[in-house]
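Written out below as structure tokens is the structure these notes cover.
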Amino acid sequence: MPTIPHLLLAATGLALATLASALPAQGSPPAPDEAARGKAVFRRHCAACHGRGPGDDGSPHLPGTAALAARYQGSLPGALEERADLDTETILYFVRHGSGPMPMFRKTEVSDADVGAIAAYLATSAASRQK
Ligand code: HEC
């Protein structure tokens with residue numbers, strides 16, 4: 001039968017492993033499965049407004065991409081998947097508060113870990129686009 005200190009050690013190990021997977025070390029490349037998960041969350045909750053596509057002609061089909069393209073006037077890409085400057089904190093702020101026509105998302109819809117995964121995906125997709 002395991003002793004109580006053994007159980008405590010096991011629980012601490014589990015908590016640390018969970019924390020480590022939720023918070024990728026600063027500067028290290030995101031784990032591929034984290035980025036893949038972020039891509040799925042992005043497609044489901046964000047891409048309808050922030051995808052790439054027919055927004056380039058100025059049509060309002062992608063309101064997020066169109067609004068950001070209009071705001072940045074070429075100094076930053078309109079599509080979030082081409083932005084290398086968005087960290088988890090920044091994305092979390094917009095996801096929790098919304099912005100203009102962008103709705104806020106509750107943690108039950110898009111969790112903090114989901115936002116971390118989105119950040120990992122955007123970093124990966126932006127990097128793969130840099131020539
Ligand atoms: C209903 C459309 C819509 C959805 C869904 C949506 N957004 Fe947005 N988002 C927008 C619009 C429009 C803006 C520009 C807001 C403004 O002009 O104030 C924006 C702005 C942002 C910004 C700010 C970027 C900047 O440079 O200012 C971030 C980050 C962002 N959205 C992330 C997300 C993420 C992540 C999701 C999915 C969880 C998401 N959005 C879902 C419409 C949307």
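Whatever order the structure lists them in is the order used to number ligands and atoms, beginning at 1.
Two residues are said to be in side-chain contact when any heavy atoms from C-beta on lie closer than 4.5 Å; Leu76 and Arg83 meet this criterion. At a threshold of 4.5 Å between non-hydrogen side-chain atoms, the residues Cys46 and Ile118 count as touching.
Linking Ile, Leu, Val, Met, Phe, Trp and Tyr residues whenever their side-chain heavy atoms come within less than 4.5 Å leaves Met104 and Val110 in two separate clusters.
Nearest protein neighbour of atom 5 (C) of ligand 1, counting heavy atoms only, is His45 O, 3.4 Å. At the shortest separation from atom 12 (C) of ligand 1 among protein heavy atoms lies Pro101 CG, 3.5 Å. In terms of protein heavy-atom proximity, atom 38 (C) of ligand 1 is nearest to Cys46 SG, 2.7 Å. Protein heavy atom in closest approach to atom 29 (C) of ligand 1: Phe94 CD1, 3.7 Å. For atom 18 (O) of ligand 1, the nearest protein heavy atom (residue, atom name, distance) is Ser99 OG, 2.7 Å. Protein heavy atom at the shortest distance from atom 11 (C) of ligand 1 is Gly64 CA, 3.7 Å.
Side-chain atoms of Ser99 never come within 3.5 Å of backbone atoms of Phe94 as a donor-acceptor pair (strictly under, hydrogens ignored). Thr65 contributes a side-chain N or O that, together with a main-chain N or O of Gly51, makes up a donor-acceptor pair within less than 3.5 Å.
Counting the atoms of ligand 1 from 1 in the order shown, those under 4.0 Å from a heavy atom of Ile91 are 35 (C). Under a 4.0 Å criterion applied to the non-hydrogen atoms of Arg83, ligand 1 contributes the atoms 26 (O). Within ligand 1, the atoms closer than 4.0 Å to a non-hydrogen atom of Leu80 are 30 (C), 32 (C), 33 (C), numbered from 1 in the order shown. In the vicinity of Pro63, heavy-atom distances shorter than 4.0 Å reach the ligand 1 atoms 12 (C).
Only side-chain heavy atoms of Val95 come within less than 4.0 Å of ligand 1; its backbone N, CA, C and O stay farther off. Neither the backbone nor the side chain of Ala48 has a heavy atom within less than 4.0 Å of ligand 1. Only the side chain of Leu68 comes within contact range of ligand 1, with a heavy atom under 4.0 Å; no backbone atom does.
Within the model, atoms OG of Ser128 and CD of Glu82 stand 9.5 Å from one another, a figure rounded to the nearest 0.5 Å. The CD atom of Glu81 sits 8.0 Å away from atom NZ of Lys39, with the distance rounded to the nearest 0.5 Å. Taken to the nearest 0.5 Å, the CG atom of Leu80 stands 10.0 Å off from the OH atom of Tyr121.
Gln73 CD: more than 12 foreign heavy atoms inside a 6.0 Å radius. By the 6.0 Å contact criterion, CZ on Arg96 is enclosed, its count of non-hydrogen atoms from other residues, nucleotides or ligands being greater than 12.
The heavy atom nearest to atom 27 (O) of ligand 1, considering only Arg71, Arg43, Arg44, is found in Arg71.
At least one N/O/S atom of Met102, whether from backbone or side chain, sits less than 2.8 Å from atom 8 (Fe) of ligand 1. Atom 8 (Fe) of ligand 1 has no N, O or S atom of Cys49 under 2.8 Å away, backbone or side chain.
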Applying salt bridge (charged side-chain N to carboxylate O under 4.0 Å, His left out) to Lys107 and Asp114, what does each step give before you reach the verdict? CA-CA 9 Å; Lys107 289 189 183 189; Asp114 287 342; over 6 Å; no
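Between His50 and ligand 1, a contact under 3.5 Å exists for at least one N or O pair.
Contact between Tyr72 and ligand 1 is present, with at least one heavy atom of the residue lying under 4.0 Å from the ligand.
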